[in-house]
Amino acid sequence: FTAKRLFGNRKAVFVLAFCALFLPYLTYLPYYYSDSMSMPFLIGAVYLMVSAFQGDHRKSMCAKLCAAGALVFLGYKVKGSIIILVFTAGFGAIGFAYNTAVDAVNPITKQQYEEYEYPVTHWIMMGLKGLGKYDEHDDYYTRSFHSKQEKQDANVKVIKERVKKYKIDGLYNHMVKKAVWTWQDGTYYISYHNQKPKNDNILMDFLHINGKYNKAFQNYSSALQMFILLMICISALKTLVRPEVDEMLLLKGIVFSAFLFFLLWETRSRYLFNMTPLFILLMVDGMDTAKAFLDSLKKPGKHIAEQTTV
């Protein structure tokens, strides 16, 4: 529905067909993770925002934006990275009201909250180690402290040590490696979950990391991912060359925010899975931009040929 609003019926059908070729939508069906379960909240919020921006009635626009804000904060409770969509005061007000209501009926005591809650510094600390992925030792380290403040102070200490050890050049190289590792994986980390398949069949030969045909699955997924990222870059380049405030700028802002977010946060490609609908929409915009550019190159040639004929 979002594709239809942005591009029309024909390209909406193309998006639907492309989704059938986008294997992560099939491979993640048996796996219940917050990354996939939060996707309807994210794309639902984006649809409502796009619909609101295209509408003419102020009351309808406000209602849709409020509903989008509610979806964002419901999705945030499922997957924290959806907080990236929070960029207006209206969403913040809805989130505050939602959190107040949840706290009023929350069965968790203050003592339990202090003992088990992790501060945000924990995920920043993990994001500074190695490739920035989940680290069991860092998890045990944070868990060893009894209060949230103690956890935070311990995390900040380690963060300072790691940043000091990296220095500027090392930190830059760390972020480059982290970004490449996160964004290049077109399987969105599904191979990790297929290490112990229950059934031995031809499908597992493709999906299992040690399967006979897994290389073909990896190559296909990586090629598709590279194509999507290339089209996203072309779409972003169009915005830099010819800035225009429209619905696509919203999508680009969300994806760019996600890129910056996972440079700092603990990361892995699976965490991007709930944003893949936005990647596909931006891919279509990039394809349109590339086609328009190629057509503009052909027109001068045609014009010269017509003049020569005359």
Side-chain angles (χ1 to χ4, degrees), residues 1-26 28 35-55 61 64-65 67-69 71-72 75 79 81-88 91 182-188 221 223-262 269-293:
F1 295 109
T2 308
K4 183 179 177 180
R5 278 195 168 273
L6 290 171
F7 308 115
N9 291 333
R10 290 180 62 186
K11 288 175 185 173
V13 173
F14 169 78
V15 168
L16 186 63
F18 185 86
C19 288
L21 299 174
F22 190 66
L23 294 184
Y25 288 159
L26 300 176
Y28 264 102
D35 308 279
S36 53
M37 295 181 71
S38 60
M39 188 187 294
F41 296 100
L42 185 145
I43 194 61
V46 170
Y47 171 79
L48 286 170
M49 285 187 278
V50 169
S51 178
F53 295 153
Q54 291 181 345
M61 180 180 177
K64 287 175 180 176
L65 288 176
L71 281 179
V72 168
K79 186 68 178 180
S81 60
I82 290 187
I83 201 69
I84 293 168
L85 269 72
V86 182
F87 56 90
T88 66
F91 285 9
T182 303
W183 291 82
Q184 73 173 354
D185 180 17
T187 71
Y188 291 85
S221 300
L224 206 60
Q225 179 74 356
M226 291 303 105
F227 177 75
I228 291 171
L229 293 179
L230 176 61
M231 292 302 109
I232 291 175
C233 289
I234 291 174
S235 178
L237 184 62
K238 179 184 73 172
T239 301
L240 293 175
V241 175
R242 295 180 181 176
E244 186 177 350
V245 179
D246 57 8
E247 299 86 355
M248 297 308 301
L249 183 63
L250 169 69
L251 271 60
K252 293 168 193 175
I254 294 170
V255 171
F256 183 66
S257 298
F259 175 78
L260 296 178
F261 178 81
F262 287 114
S269 55
R270 193 187 73 220
Y271 300 166
L272 301 174
F273 183 66
N274 58 8
M275 293 195 176
T276 51
L278 305 189
F279 299 166
I280 293 172
L281 292 174
L282 288 177
M283 178 200 72
V284 173
D285 185 62
M287 291 172 68
D288 283 347
T289 304
K291 183 179 181 300
F293 177 73

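Treat the numbers as computed from the prediction; the structure is a model and nothing was measured. Side-chain atoms are counted along with the backbone in the values below, which use heavy atoms only and exclude waters and symmetry mates.
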Report the distance from atom CG of L23 to atom CG of L224, rounding to the nearest 0.5 Å. 7.5 Å

L42 and M275, any side-chain heavy atoms less than 4.5 Å apart: yes

Looking only at non-hydrogen atoms, find the nearest pair between N274 and M39 and report the distance. O-CG, 3.7 Å

Got a donor-acceptor contact below 3.5 angstrom from the Q225 side chain to the W183 backbone? yes

Quick one: does S235's side chain have a donor or acceptor within less than 3.5 Å of a partner on M231's backbone? no

Tell me the closest heavy-atom pair linking M283 and I232, and the distance in Å. N-CG1, 4.4 Å

Does any part of the side chain of I234, heavy atoms only, come nearer than 4.5 Å to the side chain of F293, both counted from C-beta? no

Where is the tightest heavy-atom contact between L26 and A20, given as atom of each residue plus distance? CD1-O, 4.2 Å

Hey, what's the ring geometry for F18 with F22, parallel, tilted or perpendicular (30° and 60° as the breaks)? parallel

How close do S257 and G253 get, counting heavy atoms only, and between which atoms? OG-O, 2.7 Å

Show, in sequence, the C-alpha distance, side-chain angles and deciding distance for R10 and V13, and conclude whether the side chain to side chain contact (heavy atoms under 4.5 Å, CB included) test is met. CA-CA 5 Å; R10 290 180 62 186; V13 173; 5.9 Å; no

For the CG atom of D285 and the NZ atom of K11, what is their distance to the nearest 0.5 Å? 8.5 Å

Enter the distance from M248:CE to L250:CG here, rounded to the nearest 0.5 Å. 9.0 Å

In this structure, is the centre-to-centre distance between the rings of Y28 and F273 below 6.0 Å? yes

Heavy-atom closest pair, residues G186 and P24: O-CG, 3.4 Å

Output for pair (C233 SG, L282 CG), nearest 0.5 Å, gives 10.5 Å

Side-chain contact, heavy-atom cut-off 4.5 Å: F256 with T239? no

Thinking salt bridges, do K238 and D288 make one under a 4.0 Å N-O criterion? no

Interatomic spacing from CD1 in I280 to CG in L251 - rounded to 0.5 Å: 12.0 Å

Check this for me: M226, atom CE, are more than 12 non-hydrogen atoms of other residues, nucleotides or ligands nearer than 6.0 Å? yes

Could you report the tightest heavy-atom contact between L272 and F279, atom names first, then the distance? O-CE1, 4.0 Å

By ring pair (Phe, Tyr, Trp, His ring centres under 6.0 Å), F262 pairs with (sequence neighbours left out) none

From CA spacing to verdict: side chain to side chain donor-acceptor pair (under 3.5 Å), Y271, T182: CA-CA 9 Å; Y271 300 166; T182 303; over 6 Å; no

